[in-house]
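Scroll down for the structure; my scribbles are underneath it.
Being a predicted model, the structure only gives us computed values, none of them experimental.
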Amino acid sequence: MERQYQHKKIEKKWQAFWQDKGLFKVDTQDRAKPKYYCLVMFPYPSSELHVGHGRNYVIGDAVVRYKMMRASLVLSPMGWDAFGLPAENQAIKHNIHPKEWTFKNINRIKSQLNSWGIGYDWEREVTTCIPEYYKWTQWIFLKLYAKNLAYKKEAAVNFCSSCKTVLANEQVVSGRCERCSTEVVQKDLEQWFFKITDYAQRLLDDLELLKDWPQRVKVMQENWIGRSQGVSIDFSVEDKEFKINCFTTRVDTIFGATFLALSAEYPLLDKLIEDSPDKEKIRQFIEKIRNQPSSARLQEDFQKEGIFTGVYAINPMNGIKIPIWISNYVLMEYGTGAIMCVPAHDSRDFEFARKYQLPIIEVISKPQAISHKLQAIKEAYEGEGVLANSGHFSGLGSEEAKETIASYMEKNSIGKREINFRLKDWLISRQRYWGVPIPIVYCDKCGIVPVEEKDLPVLLPEDVEFKPTGESPLKYVEDFLNTECPRCGSRAKRETDTMDTFVDSSWYYLRYICPRDRDNIFNPQDVNYWLPVDQYIGGVEHAILHLMYSRFINKFLYDLGLINFKEPFCRLFTQGMIVKDGAKMSKSKGNVVSPEYIIDKYGTDTMRLYILFMGPPEKDAEWQDEGLQGSFRFLKRCFRLLEFVEGKEPEENKEKLSVLDKKILRKMHLTIQEVTRDLEGNFQFNTAISRVMELVNEIYRGVQSTEYRVQSSILREAVKTVFLLLAPFAPHICEESWGILGGKDSIFKENWPEYKEEFLKEDEIEIAVIIRGKVKARLLVPAEISSKDIEQKALSSQKIKDALKGASPKKIIYVPGKLVNIVP
RNA sequence: GCCGAGGUGGUGGAAUUGGCAUACACGUCGGUCUCAAAAACCGAUGGAGCUUGCUCCGUGCGGGUUCGACUCCCGCCCUCGGCACCA
């Protein structure tokens, strides 16, 4: 009987079956089986998905189905990160409401995911732009506000003039807007911030708890948090009342400090230069530096520039007068905006000192190097060494001196130990329409007043002119804007900024547990049972933004006592991009591969299998249409296996297995072992699939052999195993085949096959005999052969005798089960 | 500049972590079936050389350790990613 692989029919049939039977529906109260929470980063619903997006969901689904077969209760939810700028921009362009545009896309993507056979518990669907959800985003804001972790301040902020809104630090890439690449400018504006810096140390320390996160992601977060340990030192200024505070990590070099440098934004500049004769010239210089765009710093040819203030500071360690300069290489955003400069041991200070002929004094001698006192120094030495020219600290090692000098300074009130972070507070206000309203009211009498919890949600009005103006569109919605003060009842105005969408996505994984709860953000008992997420899957582009913010919010909720886990995601998997013709798939490049076409021609199982087979999932991979056909060929080949076993009564005579039976049985158990190991490791789907291919090849070889009895029960078992092992990757064809093989229910209700050690053993093994790194002979020997016997056998082989040419071997090494190495 | 990942056939990629380099797949070539094509199946396929079953060479480059190195150590080169006057 000829079997046709009719993918269209099969795939529709089983997608309907899963939906009818509620295969992915999970009761979060159920404690009967071990829980497994598999979370795939929820998408922003822009246009429809292409195969480049697909990898994420296909990997997630393979994990979910595999874990189901391993008898876990698997939670696999999906939702929509549905607020955000693109909706608004599209809406403006095409004159459609952002809400309408967003829901149109949601429906489109949802039907795509369904047609790919990706299994989700849709009853848990979460959409960040509906009041049911954003009520609780506002609730989190209020909780943060109550703990002084949400605050408003005027600050120089990043502003994108194209998106007409401010951006968080994390959203500025190389001085440009991460979304539209417009150069970001600095603006002084009143904005809302979350005080993530309070959590800097914990965010850093707890990276250690994340054993199953990719190292690179942890390193990125570490760099972003940017902790450095040092000393802040007060320098008194000649003829002035105030002191200049500098932070340094190299307090050991303080005797080599020959000048101070201040940022052009340094707050005390006016007071500092008020008596300077060159006041006007200095002012002009400051003005010039302030007007340099922040992106100028990133250019290769950025020139260090400076001007002398005419004022001197005193080095507190030796009382020496050192000039105070203003320079463009000092950042106001980091440390204090003032630095002590040690040109001999810092390359930047060195470059500056050279340019303006400032003195360079060496205070750290390189180990083993003789001091070249009078010779010109060619470059700054930044390494460790022994202190010289450093008063009674001379002779100390630099590491030791850091401690000794810091202690001395603390004792004498010159300075104190300090820790600085690169991480800044998270700027969350956006002057745009399509986002969560910030639940704050401004009252003339009471000032800033939070909306009361019982009054949540503050609804986002829908009838709005949402054109970008640089101000929030909500400013012009009278009904929204005018309200009563929750405290005194007098007339008040609402905050009109909305929240950054990263706030929405920083807690969605908690809401999946109780998505329809009207009275609580979630039920702590259930959340504590289901969380932390066992497996999180998503793109590496979220390594800093989303993953840092989520960790922060999680820790905050932990501090409130609402949850009992410190980190939200146990294991993180970041998949690589699928590229086509060497570039990321995008509509503008015209290299998008349409999943609809592929599914129509080959089926989603082929697409899924190819996506998983194309390479290690954590690496980028190049899409090749020929590879796709290979997967299609393989699935057809699998389906044809059914012909060999269907309708044939299996013989039950395991006692007398034929040689071929034994071979296939062994290969089957070996394959189970290897595929399981590949999946339990770091999701090596590509090798897992290749091993099933090997098993299939082996079965075909067996069946084609004339001696093989196709009624063999072993053959039947092997074919079943092929579909069980393939089920997480190509679920539809496996369900169909399972039914044909007599399965009564879904294949995903079956247990994952287990291998038995006893079947892996071989009676005879092949041993390679190696001389000078070359295989000279292959011997078929009993598996349990002794090293003495194998040596003898090897030496008596004619090929080996020829190769040795009469020389007697110096040494023979037998690696059991593998090879014999003869050293002549 | 600092940190991280990587470099293996014509291509995507394997290699149980020190043990037969190139599994599996794509592509190419040859064959079977066919009037023919497609599909399917079988076989060959790292490079060079000749005496055609053997010899050299071969995992970015150069050294080293070892009976044995894609794997470990030292020194370089290149590609990608992150951070970047962070004091």
On a whole-Å scale, what distance lies between the P atoms belonging to B:C33 and B:C42?
15 Å

task = Report yes if at least one side-chain N or O of A:Asn686 is closer than 4.0 Å to OP1 or OP2 of B:A14; otherwise report no.
result = yes

Margin query: What I want to check is whether an N or O donor and acceptor connect the side chain of A:Arg216 with the base of B:C3 at under 3.5 Å.
Written below: no

Ignoring backbone atoms, test whether A:Gln629 places a side-chain nitrogen or oxygen under 4.0 Å from the OP1 or OP2 oxygen of B:C26. no

| query | When all nucleic acid strands are considered with a 4.0 Å heavy-atom cut-off, which category describes A:Phe634: base, sugar-phosphate, or nothing? | reply | nothing

Open item on the list: Does A:Gly335 reach a base, just sugar-phosphate, or nothing at all? Heavy atoms under 4.0 Å.
Closed with: nothing

To the nearest angstrom, the CD1-C1' distance between A:Ile767 and B:C20 comes to 10 Å

With C1' as the reference atom in both, quote the distance from B:G31 to B:C24 in angstrom, rounded to an integer. 23 Å

Does A:Asn697 make a side-chain N or O approach to OP1 or OP2 of B:A23 shorter than 4.0 Å? no

CD1 of A:Ile225 to CD of A:Glu222, rounded to nearest 0.5 Å, is 7.5 Å

Quick note, A:Thr687 side chain, CB onward, closest among B:C83, B:G82, B:A15 is B:A15

Can you see if the side chain of A:Arg772 gets near the phosphate of B:G68 - specifically, an N or O under 4.0 Å from OP1 or OP2? no

Using a distance-only criterion (donor-acceptor N/O pair, under 3.5 Å, no hydrogens), is the base of B:C85 paired with the side chain of A:Lys304? yes

Note to self: If I pick the P atom on B:U45 and the same atom on B:G10, what distance separates them, to the nearest angstrom?
What the structure shows: 15 Å

Regarding the side chain of A:Asn821, the nearest nucleotide among B:A87, B:G13, B:G68 is B:G68

Could A:Asp678 and A:Arg691 be called an ion pair, given the rule that one side-chain N must be under 4.0 Å from one carboxylate O? yes

note: A:Leu423, atom CG; B:C83, atom C1'; distance rounded to Å ~ 14 Å

query: How is A:Val815 classified with respect to the nucleic acid when contacts are heavy atoms under 4.0 Å: base, sugar-phosphate, or nothing?
result: base

Separation of B:G27 atom P from A:Glu622 atom CD, nearest Å, is 15 Å

Notebook entry, point to check: Checking A:Arg640 against A:Tyr5: charged group under 6.0 Å from the ring centre and within 45 degrees of the axis?
Noted result: no

B:A87 -> Watson-Crick or G-U wobble partner, both distances under 3.5 Å, gives none

note: A:Arg640, atom CZ; B:A40, atom P; distance rounded to Å ~ 7 Å

Base, sugar-phosphate or nothing for A:Gln624? Non-hydrogen atoms, less than 4.0 Å. sugar-phosphate

Paired to B:U51 by Watson-Crick or G-U wobble criteria (both distances under 3.5 Å) is none

If you compare every side-chain N and O of A:Lys584 against the phosphate oxygens of B:C80 (OP1, OP2), does one of them come in below 4.0 Å? no

- Message: With a 4.0 Å limit, can you tell me whether A:Lys636 has a side-chain N or O closer than that to the phosphate oxygens OP1/OP2 of B:A40?
- Response: yes

| said: Mind checking if A:Asp346 touches a base, just sugar-phosphate, or nothing, with heavy atoms under 4.0 Å? | reply: nothing

Checklist line | Nearest-Å distance once atom C1' is located in both B:G4 and B:U59 | finding: 23 Å

With the side chain defined as heavy atoms from C-beta on, A:Asn223 is closest, among B:C41, B:G82, B:G27, to B:G82

- Please determine if a side-chain N or O atom of A:Arg633 lies less than 4.0 Å away from the OP1 or OP2 oxygen of B:A40. yes

Per atom distances to the A:Lys818 side chain, the nearest of B:U16, B:C85, B:G27 is B:U16

Need one value for A:Lys218: base, sugar-phosphate or nothing, where a base atom within 4.0 Å counts as base even if backbone is also close, heavy atoms only.
nothing

A:Lys288/A:Glu305 salt bridge by N-O under 4.0 Å criterion
yes

With rounding to whole Å, what would you report as the distance between B:G19 and B:C2 at their C1' atoms? 38 Å

Partner of B:C2 under the Watson-Crick or G-U wobble criteria, both distances under 3.5 Å, comes out as B:G82

Between CG of A:Leu819 and C1' of B:A15 the distance, given in whole Å, is 14 Å

ask   = Hey, does A:Arg778 reach any base, or is it just sugar-phosphate, or nothing, if we go heavy atoms under 4.0 Å?
value = base

With rounding to whole Å, what would you report as the distance between B:A21 and B:G46 at their P atoms?
14 Å

Using a cut-off of strictly less than 4.0 Å, decide whether A:Lys811 has a side-chain nitrogen or oxygen near OP1 or OP2 of B:C67. yes

Original post:
Can you check whether A:Ser347 has a side-chain N or O nearer than 4.0 Å to OP1 or OP2 of B:C85?
Top reply: no

Query raised in the report: Is A:Val342 touching bases, backbone alone, or none of the nucleic acid, heavy atoms closer than 4.0 Å?
Result: nothing

When you measure from the side chain of A:Thr253 to the backbone of A:Val342, do you find a donor-acceptor pair of N or O atoms at a distance under 3.5 Å? no

Less than 4.0 angstrom from a charged side-chain N to a carboxylate O is my criterion; do A:Lys580 and A:Glu622 meet it? no

A:Phe729 atom CZ is separated from B:A25 atom P, nearest whole Å, by 16 Å

_Less than 6.0 angstrom separating the ring centers of A:Phe352 and A:Tyr356, yes or no?_
yes

message: I'd like the P distance from B:G1 over to B:A14, given in whole Å.
response: 31 Å

Notebook entry, point to check: For residues A:Asn223 and A:Arg422, is any side-chain donor paired with an opposing acceptor at under 3.5 Å?
Noted result: no

As its Watson-Crick or G-U partner within any shown strand, both distances under 3.5 Å, B:U16 has none

